[in-house]
Amino acid sequence: MINPNQTTLQSRAEQAMPGGVNSPVRAFRSVGGSPIYAKRARGPYLETTDGRKLIDYCMSFGPLILGHAHPSMTEAVQQAVLRGSSYAVTTEAEIEMAELLKQAIPSMERVRMMSSGTEACMTGIRVARGFTGRAKILKFSGCYHGHADCMLVKAGSGVAGIAAASSAGVPEGCTADTLVARYNHLEDVDALLAEHAADLAAIVVEPVAANAGLILPEPGFLEGLRERTSNIGALLIFDEVINGFRFTFGGYQDVVGIKPDLTCLGKVIGGGLPVGALGGRAEVMERLAPLGDVYQGGTLSGNPVSVAAGLAGLRWLQTNQPYPELESNTRYLVEGIRALAERHGVSLQVPTLGSLFAVFFTASPIRDFDDVLASQTDRFAPLFHQLLARGIYLPPSAFEVGFLSIAHTRDLLDTTLTAWDQALQALGETPS
Ligand SMILES: *Cc1c(COP(=O)(O)O)cnc(C)c1O
(Lines give C-alpha, C1' and ligand atoms only; values in the text may rest on other atoms or scores of the structure.)
Protein backbone atom coordinates (compact mmCIF):
# COMPACT_ATOMS: atom_id res chain seq x y z
CA MET A 1 0.00 0.00 0.00
CA ILE A 2 1.47 3.33 -1.06
CA ASN A 3 0.77 6.10 1.37
CA PRO A 4 0.66 9.38 -0.63
CA ASN A 5 2.02 11.39 2.28
CA GLN A 6 4.96 9.00 2.57
CA THR A 7 5.73 9.17 -1.15
CA THR A 8 5.64 12.96 -1.04
CA LEU A 9 8.02 13.12 1.89
CA GLN A 10 10.45 10.76 0.22
CA SER A 11 10.52 12.65 -3.06
CA ARG A 12 10.83 15.99 -1.29
CA ALA A 13 13.63 14.57 0.86
CA GLU A 14 15.47 13.23 -2.17
CA GLN A 15 15.17 16.52 -4.03
CA ALA A 16 16.53 18.45 -1.08
CA MET A 17 19.10 16.21 0.63
CA PRO A 18 21.62 13.72 -0.80
CA GLY A 19 19.87 10.35 -0.65
CA GLY A 20 17.05 12.08 1.22
CA VAL A 21 18.95 11.87 4.49
CA ASN A 22 21.43 13.59 6.77
CA SER A 23 23.25 10.35 7.66
CA PRO A 24 23.47 7.39 5.26
CA VAL A 25 22.05 4.43 7.24
CA ARG A 26 18.71 6.26 7.51
CA ALA A 27 18.15 5.80 3.78
CA PHE A 28 17.54 2.04 4.29
CA ARG A 29 19.94 1.22 1.44
CA SER A 30 21.22 -1.90 3.17
CA VAL A 31 17.73 -3.29 3.89
CA GLY A 32 15.91 -1.87 0.85
CA GLY A 33 12.37 -0.53 0.83
CA SER A 34 11.19 2.93 1.83
CA PRO A 35 12.78 4.65 4.78
CA ILE A 36 10.57 5.63 7.68
CA TYR A 37 9.96 9.23 8.71
CA ALA A 38 9.67 10.09 12.38
CA LYS A 39 6.80 12.16 13.71
CA ARG A 40 7.43 11.85 17.42
CA ALA A 41 8.61 9.34 19.97
CA ARG A 42 8.05 8.51 23.59
CA GLY A 43 9.52 5.80 25.82
CA PRO A 44 10.12 2.70 23.68
CA TYR A 45 7.90 3.88 20.81
CA LEU A 46 8.78 5.65 17.60
CA GLU A 47 5.78 7.04 15.72
CA THR A 48 6.11 7.47 11.98
CA THR A 49 4.49 10.05 9.74
CA ASP A 50 2.39 7.29 8.15
CA GLY A 51 0.81 6.51 11.49
CA ARG A 52 2.76 3.48 12.67
CA LYS A 53 3.80 3.12 16.30
CA LEU A 54 6.95 1.02 16.33
CA ILE A 55 8.74 -0.59 19.25
CA ASP A 56 12.15 0.94 18.73
CA TYR A 57 15.33 -1.16 19.11
CA CYS A 58 17.47 1.40 17.29
CA MET A 59 16.98 4.15 19.85
CA SER A 60 18.86 6.74 17.82
CA PHE A 61 21.83 4.31 17.65
CA GLY A 62 22.58 4.50 21.33
CA PRO A 63 22.03 7.81 23.12
CA LEU A 64 18.56 6.96 24.45
CA ILE A 65 19.22 4.54 27.31
CA LEU A 66 16.32 6.21 29.18
CA GLY A 67 13.98 5.83 26.20
CA HIS A 68 12.60 8.61 24.03
CA ALA A 69 11.63 11.91 25.65
CA HIS A 70 12.34 10.86 29.22
CA PRO A 71 10.74 13.47 31.52
CA SER A 72 13.97 14.16 33.43
CA MET A 73 15.62 15.06 30.15
CA THR A 74 12.83 17.04 28.49
CA GLU A 75 12.40 19.15 31.61
CA ALA A 76 16.12 19.86 31.86
CA VAL A 77 16.25 20.82 28.19
CA GLN A 78 13.25 23.14 28.45
CA GLN A 79 14.67 24.90 31.47
CA ALA A 80 18.12 25.20 29.92
CA VAL A 81 16.97 26.64 26.62
CA LEU A 82 14.92 29.32 28.38
CA ARG A 83 18.18 30.54 29.95
CA GLY A 84 19.80 30.79 26.51
CA SER A 85 20.84 28.29 23.88
CA SER A 86 24.56 29.08 23.67
CA TYR A 87 26.95 31.50 25.38
CA ALA A 88 30.45 30.52 24.24
CA VAL A 89 31.36 31.31 27.82
CA THR A 90 31.99 28.57 30.37
CA THR A 91 29.06 27.53 32.56
CA GLU A 92 28.93 25.84 35.93
CA ALA A 93 26.99 23.00 34.31
CA GLU A 94 29.98 22.19 32.08
CA ILE A 95 32.22 22.06 35.12
CA GLU A 96 29.73 19.74 36.80
CA MET A 97 29.64 17.56 33.72
CA ALA A 98 33.44 17.29 33.64
CA GLU A 99 33.50 16.55 37.38
CA LEU A 100 30.84 13.87 37.01
CA LEU A 101 32.71 12.21 34.14
CA LYS A 102 35.99 12.33 36.10
CA GLN A 103 34.31 10.74 39.08
CA ALA A 104 32.58 8.02 37.03
CA ILE A 105 35.60 7.24 34.83
CA PRO A 106 38.72 7.92 36.92
CA SER A 107 41.14 7.63 33.97
CA MET A 108 39.56 10.85 32.66
CA GLU A 109 41.62 13.26 34.74
CA ARG A 110 40.73 16.13 32.41
CA VAL A 111 37.72 16.38 30.12
CA ARG A 112 36.88 18.43 27.06
CA MET A 113 33.31 18.53 25.80
CA MET A 114 32.56 18.69 22.07
CA SER A 115 29.61 18.27 19.76
CA SER A 116 30.02 14.75 18.35
CA GLY A 117 31.73 11.44 18.86
CA THR A 118 33.56 11.99 15.59
CA GLU A 119 35.14 15.13 17.03
CA ALA A 120 36.13 13.31 20.22
CA CYS A 121 37.91 10.55 18.27
CA MET A 122 39.53 12.96 15.83
CA THR A 123 40.85 15.07 18.70
CA GLY A 124 41.99 12.00 20.63
CA ILE A 125 44.13 10.97 17.69
CA ARG A 126 45.50 14.48 17.21
CA VAL A 127 46.48 14.90 20.84
CA ALA A 128 48.02 11.40 20.91
CA ARG A 129 50.13 12.35 17.89
CA GLY A 130 51.06 15.70 19.44
CA PHE A 131 51.96 14.15 22.78
CA THR A 132 54.05 11.29 21.42
CA GLY A 133 55.49 13.13 18.44
CA ARG A 134 54.62 10.06 16.36
CA ALA A 135 52.30 9.70 13.38
CA LYS A 136 50.96 6.15 13.16
CA ILE A 137 47.63 4.97 14.54
CA LEU A 138 46.50 1.37 14.84
CA LYS A 139 42.80 0.55 14.62
CA PHE A 140 40.76 -2.64 14.24
CA SER A 141 38.60 -3.64 11.29
CA GLY A 142 34.92 -3.43 12.12
CA CYS A 143 35.46 -0.72 14.76
CA TYR A 144 34.03 2.72 13.91
CA HIS A 145 35.56 5.90 15.22
CA GLY A 146 33.56 8.53 13.40
CA HIS A 147 34.25 9.92 9.96
CA ALA A 148 37.54 11.78 10.33
CA ASP A 149 39.69 11.18 7.22
CA CYS A 150 42.38 9.05 8.87
CA MET A 151 39.76 6.66 10.30
CA LEU A 152 37.94 5.96 7.02
CA VAL A 153 39.98 2.94 6.04
CA LYS A 154 39.45 -0.54 4.74
CA ALA A 155 41.03 -3.52 6.40
CA GLY A 156 44.67 -3.79 5.40
CA SER A 157 45.76 -6.62 3.17
CA GLY A 158 47.01 -9.12 5.69
CA VAL A 159 49.26 -7.79 8.39
CA ALA A 160 51.37 -5.81 5.93
CA GLY A 161 48.42 -3.56 6.65
CA ILE A 162 48.84 0.01 5.46
CA ALA A 163 45.21 0.81 4.95
CA ALA A 164 43.47 2.15 1.88
CA ALA A 165 40.76 4.79 2.20
CA SER A 166 37.23 3.38 2.39
CA SER A 167 35.73 6.62 1.08
CA ALA A 168 36.34 8.74 -1.96
CA GLY A 169 37.64 12.18 -1.11
CA VAL A 170 40.19 10.91 1.37
CA PRO A 171 43.67 11.48 -0.06
CA GLU A 172 46.18 8.66 0.31
CA GLY A 173 48.25 10.80 2.62
CA CYS A 174 45.44 10.92 5.16
CA THR A 175 45.35 7.16 5.65
CA ALA A 176 49.05 6.43 5.06
CA ASP A 177 49.63 6.40 8.81
CA THR A 178 46.65 4.23 9.74
CA LEU A 179 47.34 0.57 10.42
CA VAL A 180 44.56 -1.99 10.65
CA ALA A 181 44.48 -5.24 12.63
CA ARG A 182 41.74 -7.75 13.26
CA TYR A 183 39.82 -7.24 16.51
CA ASN A 184 40.68 -9.95 19.09
CA HIS A 185 43.91 -10.85 17.24
CA LEU A 186 46.92 -9.78 19.29
CA GLU A 187 49.13 -11.62 16.81
CA ASP A 188 48.13 -9.04 14.16
CA VAL A 189 49.05 -6.26 16.57
CA ASP A 190 52.42 -7.86 17.26
CA ALA A 191 53.17 -8.24 13.57
CA LEU A 192 52.41 -4.54 12.99
CA LEU A 193 54.38 -3.46 16.05
CA ALA A 194 57.40 -5.44 14.89
CA GLU A 195 57.70 -2.93 12.07
CA HIS A 196 56.04 0.23 13.37
CA ALA A 197 56.42 0.32 17.19
CA ALA A 198 58.73 3.35 17.18
CA ASP A 199 56.31 5.36 15.00
CA LEU A 200 53.10 4.38 16.74
CA ALA A 201 51.23 7.23 18.48
CA ALA A 202 48.23 5.20 19.63
CA ILE A 203 46.08 2.14 19.41
CA VAL A 204 42.41 3.07 19.22
CA VAL A 205 39.74 0.48 19.98
CA GLU A 206 36.10 0.13 20.92
CA PRO A 207 36.55 -2.02 24.04
CA VAL A 208 33.30 -3.78 23.10
CA ALA A 209 32.98 -3.53 19.33
CA ALA A 210 29.45 -2.30 18.63
CA ASN A 211 29.61 -1.00 15.07
CA ALA A 212 29.80 -4.33 13.28
CA GLY A 213 26.91 -5.91 15.04
CA LEU A 214 28.34 -6.80 18.42
CA ILE A 215 31.76 -8.39 18.97
CA LEU A 216 32.90 -9.04 22.53
CA PRO A 217 36.54 -8.76 23.54
CA GLU A 218 38.13 -12.08 24.38
CA PRO A 219 39.84 -12.33 27.76
CA GLY A 220 43.34 -10.89 27.48
CA PHE A 221 42.74 -8.85 24.30
CA LEU A 222 42.27 -5.43 25.92
CA GLU A 223 44.85 -6.24 28.59
CA GLY A 224 47.27 -7.15 25.80
CA LEU A 225 46.71 -3.78 24.12
CA ARG A 226 47.35 -1.96 27.39
CA GLU A 227 50.56 -3.84 27.98
CA ARG A 228 51.87 -3.37 24.45
CA THR A 229 51.13 0.36 24.23
CA SER A 230 52.74 0.96 27.62
CA ASN A 231 55.83 -0.98 26.58
CA ILE A 232 56.41 1.06 23.44
CA GLY A 233 55.40 4.49 24.74
CA ALA A 234 52.25 4.71 22.63
CA LEU A 235 48.87 5.75 23.99
CA LEU A 236 45.83 3.52 24.36
CA ILE A 237 42.58 5.21 23.31
CA PHE A 238 39.32 3.59 24.31
CA ASP A 239 36.49 4.75 22.07
CA GLU A 240 33.60 4.38 24.51
CA VAL A 241 31.16 6.48 22.47
CA ILE A 242 28.70 3.56 22.57
CA ASN A 243 30.20 1.67 25.52
CA GLY A 244 30.27 4.57 27.98
CA PHE A 245 27.45 4.43 30.58
CA ARG A 246 25.89 1.56 28.60
CA PHE A 247 27.08 -1.36 30.76
CA THR A 248 27.68 0.37 34.07
CA PHE A 249 27.71 3.89 35.47
CA GLY A 250 31.11 4.57 33.94
CA GLY A 251 33.11 3.04 31.14
CA TYR A 252 33.66 -0.52 30.02
CA GLN A 253 37.21 0.19 31.19
CA ASP A 254 35.88 0.04 34.74
CA VAL A 255 34.25 -3.33 34.08
CA VAL A 256 37.55 -4.82 32.88
CA GLY A 257 39.80 -2.76 35.15
CA ILE A 258 41.98 -1.27 32.43
CA LYS A 259 43.07 2.38 32.38
CA PRO A 260 43.41 3.78 28.88
CA ASP A 261 45.34 7.02 28.36
CA LEU A 262 42.42 8.64 26.56
CA THR A 263 38.69 7.95 26.42
CA CYS A 264 36.19 9.13 23.82
CA LEU A 265 32.56 9.53 24.85
CA GLY A 266 29.35 10.59 23.10
CA LYS A 267 25.81 9.26 22.67
CA VAL A 268 24.49 8.50 26.22
CA ILE A 269 26.29 11.47 27.79
CA GLY A 270 24.25 13.86 25.63
CA GLY A 271 20.87 12.25 26.26
CA GLY A 272 19.92 12.58 22.57
CA LEU A 273 21.41 16.01 21.94
CA PRO A 274 24.64 16.52 19.97
CA VAL A 275 27.64 15.70 22.13
CA GLY A 276 31.13 14.27 22.37
CA ALA A 277 33.79 14.29 25.06
CA LEU A 278 37.46 13.46 25.19
CA GLY A 279 39.17 12.80 28.49
CA GLY A 280 42.29 11.19 29.86
CA ARG A 281 45.60 11.61 31.62
CA ALA A 282 46.14 15.21 32.68
CA GLU A 283 49.58 15.48 31.08
CA VAL A 284 48.16 14.34 27.74
CA MET A 285 44.96 16.41 27.87
CA GLU A 286 46.91 19.51 28.91
CA ARG A 287 48.65 19.43 25.57
CA LEU A 288 45.37 20.80 24.19
CA ALA A 289 45.11 24.53 23.51
CA PRO A 290 45.15 26.91 25.35
CA LEU A 291 47.65 25.13 27.65
CA GLY A 292 49.44 23.21 24.95
CA ASP A 293 50.29 23.15 21.29
CA VAL A 294 47.53 20.81 20.03
CA TYR A 295 44.65 22.85 18.64
CA GLN A 296 41.00 21.96 19.14
CA GLY A 297 37.98 24.19 19.58
CA GLY A 298 34.26 24.48 18.91
CA THR A 299 31.64 27.23 18.80
CA LEU A 300 29.07 24.95 20.40
CA SER A 301 31.41 22.82 22.55
CA GLY A 302 29.88 22.27 25.97
CA ASN A 303 26.59 23.64 24.67
CA PRO A 304 24.34 24.41 27.65
CA VAL A 305 21.32 22.55 26.26
CA SER A 306 23.32 19.42 25.42
CA VAL A 307 25.05 19.54 28.79
CA ALA A 308 21.72 19.95 30.60
CA ALA A 309 20.26 16.94 28.81
CA GLY A 310 23.40 14.89 29.40
CA LEU A 311 23.66 15.78 33.07
CA ALA A 312 19.99 15.02 33.69
CA GLY A 313 20.37 11.61 32.09
CA LEU A 314 23.60 10.78 33.89
CA ARG A 315 22.19 11.84 37.26
CA TRP A 316 19.16 9.66 36.65
CA LEU A 317 21.41 6.70 35.80
CA GLN A 318 23.60 7.33 38.85
CA THR A 319 20.64 7.48 41.20
CA ASN A 320 18.62 4.63 39.75
CA GLN A 321 21.40 2.26 38.58
CA PRO A 322 19.17 0.46 36.04
CA TYR A 323 22.01 -1.68 34.68
CA PRO A 324 21.17 -5.08 36.23
CA GLU A 325 17.57 -4.76 35.07
CA LEU A 326 18.57 -3.60 31.57
CA GLU A 327 20.86 -6.59 31.32
CA SER A 328 18.32 -9.14 32.55
CA ASN A 329 15.65 -7.74 30.22
CA THR A 330 18.02 -7.91 27.28
CA ARG A 331 19.00 -11.45 28.21
CA TYR A 332 15.30 -12.37 28.33
CA LEU A 333 14.78 -11.01 24.82
CA VAL A 334 17.94 -12.62 23.44
CA GLU A 335 17.21 -16.00 24.97
CA GLY A 336 13.71 -15.78 23.56
CA ILE A 337 15.06 -15.01 20.10
CA ARG A 338 17.59 -17.86 20.32
CA ALA A 339 14.87 -20.32 21.33
CA LEU A 340 12.62 -19.18 18.47
CA ALA A 341 15.46 -19.43 15.95
CA GLU A 342 16.13 -22.96 17.07
CA ARG A 343 12.43 -23.86 16.88
CA HIS A 344 12.27 -22.48 13.33
CA GLY A 345 15.52 -24.19 12.32
CA VAL A 346 17.40 -20.94 11.67
CA SER A 347 21.12 -20.76 12.52
CA LEU A 348 21.37 -17.50 14.38
CA GLN A 349 24.04 -16.01 16.63
CA VAL A 350 22.61 -13.41 19.01
CA PRO A 351 25.54 -11.99 20.96
CA THR A 352 24.61 -9.69 23.83
CA LEU A 353 26.20 -7.59 26.52
CA GLY A 354 24.35 -5.28 28.88
CA SER A 355 21.51 -3.74 26.87
CA LEU A 356 23.11 -4.40 23.46
CA PHE A 357 22.40 -7.28 21.12
CA ALA A 358 23.05 -8.21 17.51
CA VAL A 359 21.75 -10.78 15.07
CA PHE A 360 24.02 -12.77 12.76
CA PHE A 361 22.84 -15.49 10.40
CA THR A 362 25.55 -18.07 11.08
CA ALA A 363 26.10 -21.13 13.22
CA SER A 364 29.57 -20.02 14.35
CA PRO A 365 30.39 -17.52 17.07
CA ILE A 366 31.60 -14.11 15.91
CA ARG A 367 35.14 -13.20 16.90
CA ASP A 368 36.16 -10.54 14.38
CA PHE A 369 34.93 -8.56 11.39
CA ASP A 370 35.87 -11.34 8.95
CA ASP A 371 33.39 -13.57 10.79
CA VAL A 372 30.74 -10.86 10.43
CA LEU A 373 31.37 -10.66 6.68
CA ALA A 374 31.31 -14.45 6.42
CA SER A 375 27.84 -14.60 7.99
CA GLN A 376 24.77 -14.44 5.73
CA THR A 377 24.26 -10.68 5.98
CA ASP A 378 21.85 -10.81 3.00
CA ARG A 379 19.34 -12.62 5.20
CA PHE A 380 19.06 -9.63 7.53
CA ALA A 381 16.95 -7.46 5.19
CA PRO A 382 14.01 -9.90 4.89
CA LEU A 383 14.02 -10.38 8.67
CA PHE A 384 14.15 -6.60 9.21
CA HIS A 385 11.10 -6.09 6.97
CA GLN A 386 9.11 -8.96 8.47
CA LEU A 387 9.68 -7.42 11.90
CA LEU A 388 8.97 -3.88 10.71
CA ALA A 389 5.67 -5.05 9.23
CA ARG A 390 4.83 -6.31 12.73
CA GLY A 391 5.73 -3.06 14.47
CA ILE A 392 9.29 -3.90 15.54
CA TYR A 393 12.04 -1.54 14.43
CA LEU A 394 15.57 -2.94 14.43
CA PRO A 395 18.48 -0.76 13.29
CA PRO A 396 18.19 -0.78 9.46
CA SER A 397 21.47 -2.57 8.73
CA ALA A 398 23.02 -5.98 9.40
CA PHE A 399 26.07 -4.12 10.74
CA GLU A 400 24.39 -2.16 13.50
CA VAL A 401 23.73 -3.19 17.07
CA GLY A 402 20.29 -3.28 18.72
CA PHE A 403 19.63 -1.23 21.86
CA LEU A 404 17.24 -1.62 24.76
CA SER A 405 16.26 1.23 27.06
CA ILE A 406 14.70 1.32 30.51
CA ALA A 407 11.35 1.83 28.75
CA HIS A 408 11.46 -1.66 27.17
CA THR A 409 9.32 -3.55 29.66
CA ARG A 410 8.85 -7.33 29.83
CA ASP A 411 5.39 -6.91 28.30
CA LEU A 412 6.89 -5.20 25.29
CA LEU A 413 9.59 -7.84 25.05
CA ASP A 414 6.87 -10.51 24.95
CA THR A 415 5.08 -8.58 22.20
CA THR A 416 8.42 -8.38 20.41
CA LEU A 417 9.02 -12.12 20.73
CA THR A 418 5.57 -12.87 19.31
CA ALA A 419 6.50 -10.74 16.30
CA TRP A 420 9.82 -12.60 15.98
CA ASP A 421 7.97 -15.92 16.05
CA GLN A 422 5.69 -14.78 13.21
CA ALA A 423 8.57 -13.19 11.29
CA LEU A 424 10.70 -16.35 11.42
CA GLN A 425 7.65 -18.39 10.46
CA ALA A 426 7.03 -16.14 7.45
CA LEU A 427 10.69 -16.28 6.42
CA GLY A 428 10.55 -20.06 6.56
CA GLU A 429 7.59 -20.03 4.16
CA THR A 430 9.30 -17.78 1.60
CA PRO A 431 12.03 -19.52 -0.38
CA SER A 432 15.28 -17.64 0.28
C1 LIG B 1 28.69 6.79 17.01
C2 LIG B 1 30.13 6.54 17.20
C3 LIG B 1 31.11 7.49 16.89
C4 LIG B 1 30.78 8.79 16.22
O5 LIG B 1 29.94 9.58 16.99
P6 LIG B 1 29.05 10.71 16.25
O7 LIG B 1 28.41 11.45 17.38
O8 LIG B 1 28.10 9.98 15.36
O9 LIG B 1 30.01 11.54 15.47
C10 LIG B 1 32.43 7.22 17.20
N11 LIG B 1 32.77 6.05 17.77
C12 LIG B 1 31.87 5.11 18.07
C13 LIG B 1 32.31 3.87 18.74
C14 LIG B 1 30.53 5.30 17.77
O15 LIG B 1 29.63 4.34 18.02
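Read the numbers this way: they start at 1 and go in the same order the structure lists the ligands and their atoms.
- Between Phe140 and Phe221, the distance separating the two ring centers is shorter than 6.0 angstrom.
- Ionic pairing of Arg42 and Asp56 is not present here: no N-O contact between side-chain nitrogen and carboxylate oxygen is shorter than 4.0 angstrom.
- At a cut-off of 3.5 Å, with distance as the only test, no side-chain donor of Arg315 or Thr319 sits close to an acceptor on the other residue.
- Considering both main-chain and side-chain atoms, Tyr144 comes within under 3.5 Å of ligand 1 through a nitrogen or oxygen pair.
- A tilted orientation is assigned to the rings of His408 and Tyr57, their planes being inclined by 30° to 60°.
- Among the atoms of Thr118, some N or O lies under 3.5 angstrom from an N or O of ligand 1.
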Requested in this report: Start with the C-alpha gap between Phe131 and Glu283, add the side-chain angles, then the distance that decides, and say whether side chain to side chain contact (heavy atoms under 4.5 Å, CB included) holds.
Outcome: CA-CA 9 Å; Phe131 180 78; Glu283 62 170 332; 3.9 Å; yes
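- Between Val241 and ligand 1, not a single N/O pair is under 3.5 Å apart.
- Residue contact check: Ser116 has heavy atoms under 4.0 Å from atoms 7 (O), 9 (O) of ligand 1.
- Contact atoms of ligand 1 toward Glu206: 13 (C) (distance under 4.0 Å to a heavy atom of the residue).
- Shown here for Leu412 and Ala407, the closest heavy-atom pair between the two residues is CD1-O, 3.6 Å.
- Distance from atom 5 (O) of ligand 1 to its nearest protein heavy atom, with residue and atom name: Gly117 CA, 3.2 Å.
- Ranked by closest heavy atom to atom 11 (N) of ligand 1, the top entry among Val205, Ile242, Val275, Asp239 is Asp239.
- Within a 4.0 Å radius of atom 8 (O) of ligand 1, the protein contributes no heavy atom.
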Report task. Dump the intermediate steps for side chain to side chain contact (heavy atoms under 4.5 Å, CB included) on Ser301 and Arg112, then the final yes or no. Result -> CA-CA 8 Å; Ser301 290; Arg112 180 158 287 177; 5.9 Å; no
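- Proximity of Asn211 to ligand 1, defined as any heavy-atom pair under 4.0 Å, is confined to the side chain (atoms from C-beta onward).
- The heavy atom nearest to atom 2 (C) of ligand 1, considering only Met122, Lys267, Glu400, His145, is found in Lys267.
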